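Keep in mind the model is a prediction, meaning the values are calculated, not measured.
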Amino acid sequence: MKKIITIREYESFCTVKNANGYKYLDDATFNQLERFILENSNKDTDALDLMGISVKKNVGKVITAKNFVGIIMMKNGTTIEILPKIHSNTGYTDNQVKELLIKMLKTLKNSPFKSLQSANLNITTMNVFEIFIRMFLDEVFLIVKHGLKCNYEKVQDNLGVVKGKIIFNKHIQLNHSHKERCYSEFDVFNTNRPENKLLKTTLEYLYKQSSSMKNKTDIKTLLSSFSDVDASTDYKKDFDKCVVDRNMKDYEKALVWAKIFLQGKSFTSFSGSEVAQALLFPMETLFESYIAAKFKKELDLNQYSISAQDKSYYLFEHNFRLRPDIVIRNKSKKITFVMDTKWKVLSDKKHNYGISQADMYQMYAYQKKYNAETITLLYPLTDEISNKDISFKSNDGVIVNIRFLDLFDINNSIKSVVKEITDNKVEY
């Protein structure tokens, strides 16, 4: 029986039942998860940002989720679902957080999420892994609807007629007493190409992994269209043979998902001997991507240009490239506005609200290099800050604004920041 445990960022697991403030994990799963973290901590990854291991009095060892969201599927059948910790002026449920996570994923560049139709998903009955399966199935349904692509496959067979070229060593070996037969190699035009083999194998794998009856039923339906296709026996070799050109465009996203599911090619480099699948996303990247996409929708692009991860300047000549998250330029007034997103909870109780000194140095450098009209740090909304309109001013005129975005009221939050930009009357 597959077990799904949902946790949010900064929540913790322990092996003590009913421990206040902690989610329970049985000893075996806890130990597997701990080994997964430790295995990755020895690699060049951000494993320490993924989860932290510590010891608490009267509780013992605890594992705390940190800056990554997604799923970790253990080989013992347990799935750990990590959702973002969202601060908002209104209450919210896990299902609302999953819907928000999907919206954020759809804004990621070079990912298979963009075509996701969230209206087709029943969030209340699906964990994040089942949602990913659903996305893959939607892509395969599109391929089947248009028809599986064919190509010529070299086939060897012992026939009663000469076809193609004779394979003499096999012919002599097999047909010494059968003069009427001929062992030959010839081309057959069929659907048994590497791309289809990989899709079939992925469908068979996901049928075993899925616990959603809807997904399993659709997988069986799709497999009937692959009845003449062999399963892949060498994933790497078949992926190397894949061709994604104009004629194979329908296959592009489905093959990305196939590689993720079959080879564990996640969007991060986490892996481990105790883990069957780890699909994890850094919240810093998701937050940055989502906010940039929202600004693009809200701004008048006839009057303003917007650049994400702008690369216009170096801190020093040809060294230390500056890459602010969002750069907005007023085309007519030649005014520049620079913003950086930070997935961090600020608090009145922390020194300088918890704003990093390194981040402030960075923003100061942005102002000097871009000669920016305003410099703004964008943080998720938090009820731990009483003043929602914070600014810092240096004695040489640099002002860094701190603004907060409510992810469950994101359009109004973005409009508020955009209004500050569009109402700016200063010209150089």
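Contact check on K145 versus D250 returns no salt bridge, with no Lys/Arg side-chain nitrogen under 4.0 Å from an Asp/Glu carboxylate oxygen. Between K98 and D94 there is no salt bridge, since none of the side-chain N atoms of the basic residue sits less than 4.0 Å from a carboxylate O of the acidic one. By the 4.0 Å N-to-carboxylate-O rule, E373 lies too far from K333 to be salt-bridged with it. Using a 4.0 Å cut-off between charged nitrogen and carboxylate oxygen, D310 and R329 count as a salt-bridge pair.
The main-chain N or O of K311 is found under 3.5 Å from a side-chain atom of R321 such that the two form a donor-acceptor pair. No donor-acceptor distance shorter than 3.5 angstrom exists from the side chain of T376 to the backbone of N401, with no hydrogens or angles considered. K200 places a side-chain N or O within 3.5 Å of a backbone atom of F226 that can act as its donor or acceptor partner. At least one donor-acceptor pair under 3.5 Å links the side chain of K216 to the backbone N or O of Y207. Judged by distance alone, the side chain of K331 and the main-chain N or O of L301 form a donor-acceptor pair under 3.5 Å. In this structure, the side chain of S224 engages the main chain of T221 through a donor-acceptor pair within 3.5 Å. Judged purely by atom type and a 3.5 angstrom limit, E195 has no side-chain atom pairing as donor or acceptor with the backbone of C242. Judged by distance alone, the side chain of R35 and the main-chain N or O of F30 form no donor-acceptor pair under 3.5 Å. The backbone N or O of V418 sits less than 3.5 Å from a side-chain atom of T422, completing a donor-acceptor pair. N196 places a side-chain N or O within donor-acceptor distance of the main-chain N or O of T191, the cut-off being under 3.5 Å.
Partner of W343 under the ring pair (Phe, Tyr, Trp, His ring centres under 6.0 Å) criterion, out of F281, F287, Y379: F287 alone. Checking each of L108, T107, T341, I326 against E288 for a side-chain contact (heavy atoms from CB on, under 4.5 Å) leaves exactly one that passes, namely T341.
Taking the six-membered ring where tryptophan is involved, the planes of F261 and W257 are essentially parallel, since the angle between them stays under 30° and well short of 60°. Aromatic ring pairs are classed by plane angle as parallel below 30°, tilted from 30° to 60° and perpendicular above 60°; the pair Y370 and Y313 is perpendicular.
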Before giving the answer on side-chain contact (heavy atoms from CB on, under 4.5 Å), spell out for T15 and N31 the whole-Å C-alpha distance, their side-chain angles and the decisive distance to 0.1 Å.
CA-CA 10 Å; T15 56; N31 292 335; 6.0 Å; no
Walk me through it: do N127 and T6 pass the test side chain to side chain donor-acceptor pair (under 3.5 Å)?
CA-CA 9 Å; N127 61 59; T6 299; over 6 Å; no
What verdict does the side chain to side chain donor-acceptor pair (under 3.5 Å) test give for N67 and Y10, after you've listed the backbone C-alpha separation in whole Å, the side-chain angles of each residue and the deciding distance to 0.1 Å?
CA-CA 8 Å; N67 299 318; Y10 308 113; 3.0 Å; yes
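Here OG of S12 is found 11.0 Å from CG of L25. Values are rounded to the nearest 0.5 Å. To the nearest 0.5 Å, atoms CD (E252) and CG (D245) are separated by 10.5 Å. A distance of 4.0 Å separates CG of D218 from CZ of F141, quoted to the nearest 0.5 Å. Summarising the geometry, atom CG belonging to L315 is positioned 9.0 Å from atom CG belonging to N319; distances are rounded to the nearest 0.5 Å.
Looking at Q303 and S332, their side chains never bring a donor and an acceptor atom within 3.5 Å of each other. For the 3.5 Å distance criterion, the side chains of T93 and N95 fail to qualify, holding no donor opposite an acceptor.
Side-chain contact check for D26 versus K3: some heavy-atom pair is nearer than 4.5 Å. Side-chain atoms of T336 and N371, non-hydrogen and from C-beta on, never get closer than 4.5 Å to each other. At least one side-chain heavy atom of M360 sits under 4.5 Å from a side-chain heavy atom of L377. Considering only heavy atoms from C-beta on, I5 stays 4.5 Å or farther from Y24 through its side chain. Counting heavy atoms from C-beta on, the side chains of R134 and D138 come closer than 4.5 Å. I402 has its side chain within reach of L346: a pair of non-hydrogen atoms, C-beta onward, lies under 4.5 Å apart. The shortest side-chain heavy-atom distance between I82 and M51 falls under the 4.5 Å cut-off. Using a 4.5 Å heavy-atom threshold, the side chains of I421 and Y304 count as touching.
Counting non-hydrogen atoms of other residues, nucleotides and ligands closer than 6.0 Å to CG of N20 gives a total of 12 or fewer. Taking a 6.0 Å sphere around NZ of K220, one finds it holds 12 or fewer heavy atoms contributed by other residues, nucleotides or ligands. In the displayed structure, K56 atom NZ is contacted under 6.0 Å by at most 12 heavy atoms of other residues, nucleotides or ligands. No more than 12 heavy atoms of other residues, nucleotides or ligands lie within 6.0 Å of NZ in K214, so this atom counts as exposed by the packing criterion.
Figure legend: K149 and Y251 shown without cation-pi pairing, the cationic atom not lying both under 6.0 angstrom from the six-membered ring centre and within 45 degrees of its axis.
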